[in-house]
Amino acid sequence: STGRCTKTIIGHSHNVWSLAFTNDGKNLISSSSDKTIKIWNVANGICTKTLQGHSREVMSVKLSQNNQIIASSSRDATIRLWNIETGKNIKTFLGSNSWVWSAIFSPNNQQLITGGYDFNVKFWEINTGRCLKRIQGNYKQTYAVTFSYDGKLLANSYWLNNNTIKIWDVDTGKCIT
């Protein structure tokens with residue numbers, strides 16, 4: 001209620017790009033230009049796990065709805081899935097031929113949606129790693145992606161002087177804005 005900072009966490013050696021809390025608020029996940037993902041205990045500010053595997057900057061981290069899997073996206077053109085308990089890399093997707101800015105889970109945890117430097121939003125089946133669908137925007141790099149609560153709409157924003165957000169019907173792949 002005071003608006004004061006209650007904790008400062010230091011541990012990455014370069015810029016921090018993305019943050020995600022676990023559903024219970026006890027842990028915080030961070031991604032960084034130092035090519036790592038860290039899991040922090042919020043109460044004491046101590047890093048409990050450092051996940052390594054990306055060869056370039058880790059641009060985003062998101063947590064599955066069931067709090068069991070972390071998705072990370074990187075400038076190394078991959079998306080990785082990590083077991084939050086063990087810290088092990090359980091699956092790697094080759095997302096594009098360039099940076100993957102963002103990755104999110106579908107509301108039902110069956111798909112992973114990514115946006116990157118290759119101008120596409122891609123829908124991946126998590127179990128098989130197969131790309132199910134691509135939505136090509138307006139020839140700009142996709143910076144961020146998010147779902148509506150019911151999973152029927154997807155919004156994405158673009159990088160590099162575009163200043164636009166597009167909203168898509170997930171079933172049809174058509175832009176509705």
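Residues take their numbers from the sequence shown, with the count starting at 1.
- Of all heavy-atom pairs spanning V61 and S31, the tightest one is CG1-CB, 3.6 Å.
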| Verdict with supporting geometry, V42 and F21, side-chain contact (heavy atoms from CB on, under 4.5 Å) | CA-CA 9 Å; V42 172; F21 276 105; 3.8 Å; yes
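- Applying the side-chain hydrogen bond (donor to acceptor under 3.5 Å, both in side chains) test to Q110 and every residue at least two apart in sequence or in another chain returns nothing.
- In the hydrophobic cluster analysis, where Ile, Leu, Val, Met, Phe, Trp and Tyr join through side-chain heavy atoms closer than 4.5 angstrom, F105 is grouped together with I90.
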| query | Stepwise, does the side-chain contact (heavy atoms from CB on, under 4.5 Å) test hold for I29 with I37? | reply | CA-CA 7 Å; I29 304 157; I37 299 153; 3.6 Å; yes
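- Applying the 6.0 Å contact sphere to NZ of K88 captures no more than 12 heavy atoms from other residues, nucleotides or ligands.
- Remark: the backbone N or O of N23 is paired with a side-chain donor or acceptor of N67 at under 3.5 angstrom.
- Two different hydrophobic clusters hold I165 and L154 under the rule that ILVMFWY side chains link at heavy-atom gaps under 4.5 Å.
- I69 is connected to F93 through a chain of hydrophobic side-chain contacts under 4.5 Å among Ile, Leu, Val, Met, Phe, Trp and Tyr, so both are in one cluster.
- For the side-chain hydrogen bond (donor to acceptor under 3.5 Å, both in side chains) test, residues two or more places apart in sequence or in another chain that qualify with N108 are S106.
- Between the side chain of K152 and the backbone N or O of F147, no donor-acceptor pair lies under 3.5 Å.
- Under a 3.5 Å cut-off, the side chain of K91 and the backbone N or O of I126 do form a donor-acceptor pair.
- Of the possible donor and acceptor atoms, none in the side chain of T50 sits under 3.5 Å from a partner among the backbone N and O of K38.
- The minimum heavy-atom distance linking T86 with K49 is given by the pair C-CE, 4.0 Å.
- Of the possible polar contacts, none joining the T48 side chain to the N41 backbone as a donor-acceptor pair under 3.5 Å is found.
- Side-chain contact annotation: W17 with S32, donor-acceptor N/O pair under 3.5 Å absent.
- S30 and W40 share a side-chain donor-acceptor pair at under 3.5 Å.
- Residues T92 and N89 have side chains that bring a donor and an acceptor to within less than 3.5 angstrom of each other.
- One side chain, W82 or S72, offers a donor N or O that lies under 3.5 Å from an acceptor on the other.
- A donor-acceptor pair under 3.5 Å is formed between the side chain of S74 and the backbone N or O of E57.
- In the model, T114 has a side-chain atom that pairs as donor or acceptor with a side-chain atom of W124 under 3.5 Å.
- Partners of N127 under the side-chain hydrogen bond (donor to acceptor under 3.5 Å, both in side chains) rule, at least two apart in sequence or in another chain, do not exist in this structure.
- Although no hydrogens or angles enter the test, the distance criterion places a donor-acceptor pair under 3.5 Å between the side chain of R80 and the main chain of G53.
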| task | Give the C-alpha distance, both sets of side-chain angles, the deciding distance and a yes or no for side-chain contact (heavy atoms from CB on, under 4.5 Å) between I176 and L153. | result | CA-CA 9 Å; I176 62 169; L153 301 175; 3.6 Å; yes
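- Not one N or O on the side chain of D76 forms a donor-acceptor pair closer than 3.5 Å with the backbone of H54.
- Between the S64 side chain and the N109 main chain, no donor and acceptor come within less than 3.5 Å of each other.
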| task | Show the numbers, then the answer: is there a side-chain contact (heavy atoms from CB on, under 4.5 Å) between L81 and I70? | result | CA-CA 6 Å; L81 300 181; I70 299 167; over 6 Å; no
